[in-house]
Amino acid sequence: MNAGTPDVPVAIIGAGPNGLAACAHLGAASIEHRVFGDPMQFWRDQMPAGMLLRSALRASHIADPRRKLTLHDWAAAEGTTLSSPVTREEFVDYGSWFAEHAAPSVDRRLVRSLQRARPGFRLTLEDGDQIDAQSVVVAAGIAPFPRIPPGFEDLPASSVSHSSAHSDLRRFAGRRVAVIGTGQSALESAALLHEAGARVQLIGRAPAIWWLGGPPAPASEPAPASEPPAASRRLRPRWSSAPTDVGGPLSSWLVASPDVFRRLPRRVQPPLAYRCIRPAGAHWLRDRMADVPMSLERTVTGVTSNGALTLTLSDGAQREVDHLVLATGFAVDVRKYGFLRPELADSIALIDGYPVLGPGLESSIPGLHFLGSPAAYSFGPVMRFVTGTWYAAPALAARLRGRRQPLLRWSF
């Protein structure tokens, strides 16, 4: 650390898909940088074994400027055949291979503190070392943001947990488990629990399960009772969706360019984003959920713990379980990043916990950028997915080089 002179022009906090894509693009632009973090840690340690990627293969490549580090390239290099859908294990191995090529000098130490320091920022690492950087890219993921509904916060972790707390659901074999939610995480957690031998049930407030993709149902086959007729129609789009795999035939194109989304009237953005990421499950989960009991259009209104958990539902019914899994998504609030010093976090312009970002995903503090889900308020729902790296990384590189952003850049 040199007083008044940054040790590095750009520091990247986080080595997941967004951090690695940023490395690839900054390297190609000859922008000196350092990345801190354990590559693919969240995917490896907080996603369940046996999980499959909901996004199609075409939307699961991490962005690199030369398009030479795709899942296909990894599979060819490893002499393996990709699964369809791609497995969590394959994606973690792919991300680690990507890191070897795009970020070979990744610093695996964690950043414990980030604060302002002239002329930029100061990072304090877990071993006490300090690094000064002119710009900082926060690509630290969603691990600090699990959404815990009111009424569940004070229950012991041994009885209630968020779905992101488990890398292996087989430990629940033989136990009674309730899963709260009707999105991909809830449905896949329930399927994996059932297949692991748990006695699982699903509870959700939605009136039906929405299924995504897959072949259309035969014309003579009525829509199942758990699925609204509109869901069947959604399986037969008249034209192709955008390669991002986020949204339907029309909405996907509106959000596939974050520049377009950012310029839409604010009143239009939230309903459009919700339409693209509403709770839904991939079609390949449908058969796997056939034997899992579901209590839909119900919520848990009370929980009592006496060894086991007794759940009281909104219709007055009760369920007794050994464990409750909250597959309730994530609520972004960048103030929950433990490394952000309070005086820095409090000076960022936020809306509902999301940083307000401009060109190059730069926050209201010059030189401080946010990638991934924290960018979703400003740049739309694709920022929540791996496909978002195809917009974020080149936009970041252009900003750091002082280049003008193009009027339109697709996120694929």
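Sequence positions, counted from 1, serve as the residue numbers for this chain. Everything numeric here is computed off the predicted structure, so don't read it as measured data.
Side-chain atoms of Thr389 come within 3.5 Å of backbone atoms of Val386 as a donor-acceptor pair (strictly under, hydrogens ignored). The main-chain N or O of Val334 is never found under 3.5 Å from a side-chain atom of Tyr354 such that the two would form a donor-acceptor pair. Of the possible donor and acceptor atoms, none in the side chain of Asn18 sits under 3.5 Å from a partner among the backbone N and O of Ala139. The closest donor-acceptor contact from the side chain of Arg205 to the backbone of Leu296 lies at 3.5 Å or more, if one exists at all. Without hydrogens or angle criteria, His33 side chain to Ile31 main chain gives a donor-acceptor distance under 3.5 Å. Side-chain N or O atoms of Thr124 include none that pairs as donor or acceptor with a backbone N or O of Gln130 at under 3.5 Å. For the pair Ser189 (side chain) and Ala186 (backbone), a donor-acceptor distance under 3.5 Å is absent.
In summary, the side chains of Ser185 and Ser163 do present a donor paired with an acceptor at a separation below 3.5 Å, with no hydrogens or angles considered. Of the N and O atoms on the side chains of Ser161 and His323, at least one donor lies less than 3.5 Å from an acceptor on the other residue.
Residues His61 and Leu57 are in side-chain contact: their nearest non-hydrogen atoms beyond the backbone lie under 4.5 Å apart. Taking the side chain as every heavy atom from C-beta outward, Val138 and Phe339 approach each other to under 4.5 Å.
Scanning all heavy atoms of the two residues, the minimum distance from Gln184 to Gly281 falls at OE1-CA, 3.3 Å. In plain terms, the two heavy atoms of Val246 and Phe385 that are nearest each other are CG2-CD1, 3.6 Å. Heavy-atom minimum distance, Arg122 versus Ala117: CB-CB, 3.8 Å. Closest approach of Phe370 to Leu357, counting heavy atoms only: O-CD1, 3.6 Å.
Taking CZ from Phe42 and CE from Met47, the interatomic distance works out to 4.5 Å, rounded to the nearest 0.5 Å. Glu188 contributes atom CD, which lies 11.0 Å from atom CZ of Arg88 (distance to the nearest 0.5 angstrom). For the atom pair Arg298 CZ and Leu202 CG, the distance stands at 11.0 Å (nearest 0.5 Å). For the atom pair CD of Glu90 and CG of Leu52, the computed distance is 9.0 Å after rounding to the nearest 0.5 Å. Gln269 contributes atom CD, which lies 11.5 Å from atom CG of Leu254 (distance to the nearest 0.5 angstrom). Atom CE of Met289 sits about 6.0 Å away from atom CH2 of Trp211, to the nearest 0.5 Å.
Shown here is Arg403, whose CZ atom has no more than 12 heavy atoms of other residues, nucleotides or ligands within 6.0 Å. For Asp346, the CG atom sits in a packed shell: over 12 heavy atoms of surrounding residues, nucleotides or ligands are nearer than 6.0 Å. At most 12 heavy atoms of other shown residues, nucleotides or ligands fall within 6.0 angstrom of atom CZ in Arg170.
Ion pairing between Asp132 and Arg118 fails under the 4.0 Å rule for side-chain N and carboxylate O. Between Glu195 and Arg288, at least one side-chain nitrogen of the basic residue sits less than 4.0 Å from a carboxylate oxygen of the acidic one, meeting the salt-bridge criterion. With salt bridges taken as basic N to acidic carboxylate O contacts below 4.0 Å, none links Asp64 and Arg66. Between Asp259 and Arg409 no salt bridge is recorded (no basic side-chain N to carboxylate O distance below 4.0 Å).
For the pair Arg266 and Tyr377, the cation sits on the ring face: its NZ or CZ lies under 6.0 Å from the ring centre, inside 45° of the axis. Annotation: cation-pi pair Arg278/Trp210 present, NZ/CZ under 6.0 Å from the ring centroid and within 45° of its normal.
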Can you list the steps and then say if His369 with Ser363 is a side-chain hydrogen bond (donor to acceptor under 3.5 Å, both in side chains)?
-> CA-CA 6 Å; His369 305 254; Ser363 72; over 6 Å; no

Determine, step by step, whether Asp38 and Arg44 satisfy the salt bridge (Lys or Arg N to Asp or Glu O under 4.0 Å) criterion, reporting the C-alpha distance in whole Å, the side-chain angles of both residues, the deciding distance to 0.1 Å, and the verdict.
-> CA-CA 10 Å; Asp38 184 358; Arg44 184 181 63 247; 2.6 Å; yes

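For Phe91 and Trp43, the distance between ring centers is under 6.0 angstrom. Phe261 has its ring centre no less than 6.0 Å from the ring centre of Tyr391.
Checking each of Arg108, Arg112, Arg109 against Glu126 for a salt bridge (Lys or Arg N to Asp or Glu O under 4.0 Å) leaves exactly one that passes, namely Arg112.
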